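Here the structure is laid out as structure tokens; the discussion comes afterwards.
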Amino acid sequence: MIDPKLLRQAAAEVAANLARRGFAFDADAYLALEERRKSLQVETEQLQSERNTNAKRIGKAKAQGEDIEPLLAAVKDLGEKLEASEAALQAVQTELRDLELGLPNLLDDAVPTGDSEEDNTEVRVWGEPAKPGFEARDHIELGERLGQLDFESASKISGARFVVMKGALARLQRALIQFMLDTHTSEHGYTETYVPYLVKSPALVGTGQLPKFEEDQFKTTDESPFYLIPTAEVPVTNLASDVIFEADSLPVRYVAHTPCFRSEAGSHGQDTRGMIRQHQFEKVELVQFVAPDASMDALEELTGHAEVILQKLNLPYRVVVLCSGDIGFGSTKTYDIEVWLPGQGRYREISSCSNYNDFQARRMKARRRNPETGKPELIHTLNGSGVAAGRALIAVMENYQQEDGSIRVPEVLQPYMGGIEVIAAPA
RNA sequence: GGAGAGAUGGCUGAGUGGUCGAAAGCGCUCCCCUGCUAAGGGAGUAAGGGUUAAAAGCCCUUCGAGGGUUCGAAUCCCUCUCUCUCCGCCA
């Protein structure tokens, strides 16, 4: 949520910023609504104040045994007026809040203006795409030849956009997850967390998926109000909701491995084959709670933490800054890390690292005590994949494939693989 | 799933219709006293919002959440959520 004070005081500037996203913010309509809120609130509070003083007066008079009838007569129609005023105020406030919850975050100046992922800017490249002396297979062919990726069974059980993994490949994904968790906890100062995979709607409002992106979420049933998490960002970031952190307790860094569930509404026809875009996938997520002046530095760090994973796996990648047309709803600045996939001959997103500044914090009332003033103030939140495990598996398969279709196990994963160095089809 | 109890400020905990945003204690902050340590005395100490250029001041809201009764609700009524205890079931 954008600071309502800023919306009031600088509506035109906000509109200009959001226009870079292609988002139309009607500043005049907002300000008109805000005017109504103001007059209604002043009026309501005046009536409330009147009610309070009268009630006190009656209480006193009664205690002294005076006749309260005339006092009661005097406040006779106050109640009705107050009720009407309160109802009108609440209606306007609900309208305002709905509007505010629907506004995306303000963009950082460093975000390039653009329409689509075509306009993202590359900031650095690491490693060099390998040129094998044979034609690289994609992960689908590799996995099916090994008999360890089974899309047919998955679709029989659950339909499209699911996979069944078996044997060493299933273990390889688990190894990747373990390796990532261990690296982030022991080398980057994150605390491992285990969190619920089912959450209630306020949690999703807090991180920004609701109310606007309801159709992207899986909901359990209409009766029970649970949603399946689309990312660990949701439960982990909400650990800060309604919390006032002590001045010296930030930054807080959490890492969690969870499955992620996405309806992928609106992405029909995209990446329908293979494991790139699934309804269910595994991800290791990094979340940070930081002081408000520390978030841009933290974003660089956090992105670096994700990069370390790819470096240790020796997977070539590049980092891009998302442009104004591609960046997420709640982010003020996002780096995507794209890993090289030989089977596709291109870079594909494997991590997305975002600074939300106070956007989520305001929604979920995540605050800290300012060390100077002692007063609560909103913190900044960040998150990033560190990294997506399903896509990391694909990347390892395609980058470590050999001509005979076998897959070498990256050195850093071997301790997690019980000595397996090559994954090959049984002879 | 059955039976019962509960939800109050950073914590413990009092408060069953009026001057209660809330006693007391603990904790924390500041001051005073005391030549160590310990102890003692005093003051302060919730959050959000409105008004304001901003602050002060003033006002409003909040005692799990939402609704209701009333001139007036932490206190009475209804619904919901959560927590705890016992029984049953269960990885």
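Note that the structure is a prediction, hence the values are computed from the model and not measured. Naming convention: chains lettered A, B, ... in sequence-line order (proteins, then strands); numbering from 1 in each chain.
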Go through the side-chain N and O atoms of A/H279 and A/E264 and say whether any donor and acceptor fall under 3.5 Å apart. no
Find the distance A/L71:CG to B/rU70:P and express it as a whole number of Å. 19 Å
Distance criterion of 3.5 Å, no angle test: do you see the side chain of A/K62 paired donor-to-acceptor with the base of B/rG18? yes
Do A/E285 and A/Y254 have side-chain N/O donor and acceptor atoms under 3.5 Å apart? no
Will you find, in the side chains of A/Q360 and A/T381, an N or O donor that is under 3.5 Å from an N or O acceptor? yes
Is A/R57 touching bases, backbone alone, or none of the nucleic acid, heavy atoms closer than 4.0 Å? nothing
For this output row, return yes or no: ring centroids of A/F329 and A/F359 closer than 6.0 angstrom. yes
Atom CZ of A/R369 and atom C1' of B/rG10: how far apart are they, to the nearest Å? 9 Å
Polar atom pairs (N or O), protein with nucleotides 49-51 of chain B, under 3.5 Å:
residue: B/rG49; atom: O2'; partner: A/Q41; partner atom: NE2; Å: 3.1
residue: B/rG49; atom: N2; partner: A/E45; partner atom: OE1; Å: 3.3
residue: B/rG50; atom: OP1; partner: A/R8; partner atom: NH1; Å: 3.1
residue: B/rG50; atom: OP1; partner: A/R8; partner atom: NH2; Å: 3.0
residue: B/rG50; atom: O4'; partner: A/Q41; partner atom: NE2; Å: 3.1
residue: B/rG50; atom: O3'; partner: A/R37; partner atom: NH2; Å: 3.2

Does a side-chain N or O of A/S49 approach OP1 or OP2 of B/rC59 to a distance below 4.0 Å, or not? no
Can you give the dot-bracket line for RNA chain B, using ( ) for pairs inside the strand, [ ] for pairs that cross earlier ones, | for pairs with another strand and . for unpaired bases, where Watson-Crick and G-U count if both distances are under 3.5 Å? ((((((((.[[[..)..(.....]]]((((((.......))))))((((((.....)))))).[[[[[..)....]]]]])))))))....
For the pair made of CZ in A/R51 and C1' in B/rU61, what is the distance, rounded to whole Å? 10 Å
Looking at every non-hydrogen atom in both residues, tell me the closest pair between A/V409 and A/V422 and how far apart they are. CG2-N, 4.2 Å
Regarding A/N120 and A/D336, is there a side-chain donor-to-acceptor distance under 3.5 Å anywhere? no
Considering only distance and modelled atom types, tabulate donor-acceptor pairs under 3.5 Å from the side chains of residues 30-42 of chain A, sequence neighbours left out.
residue: A/Y30; atom: OH; partner: A/E100; partner atom: OE2; Å: 2.8
residue: A/E34; atom: OE1; partner: A/R37; partner atom: NH1; Å: 3.2
residue: A/E34; atom: OE2; partner: A/R8; partner atom: NE; Å: 3.1
residue: A/E34; atom: OE2; partner: A/R37; partner atom: NH1; Å: 2.1
residue: A/R37; atom: NE; partner: A/Q41; partner atom: OE1; Å: 3.2
residue: A/S39; atom: OG; partner: A/R36; partner atom: O; Å: 3.2
residue: A/Q41; atom: NE2; partner: A/E45; partner atom: OE2; Å: 3.2

With no hydrogens and no angle check, just 3.5 Å: does a side-chain donor-acceptor pair link A/T113 and A/R20? yes
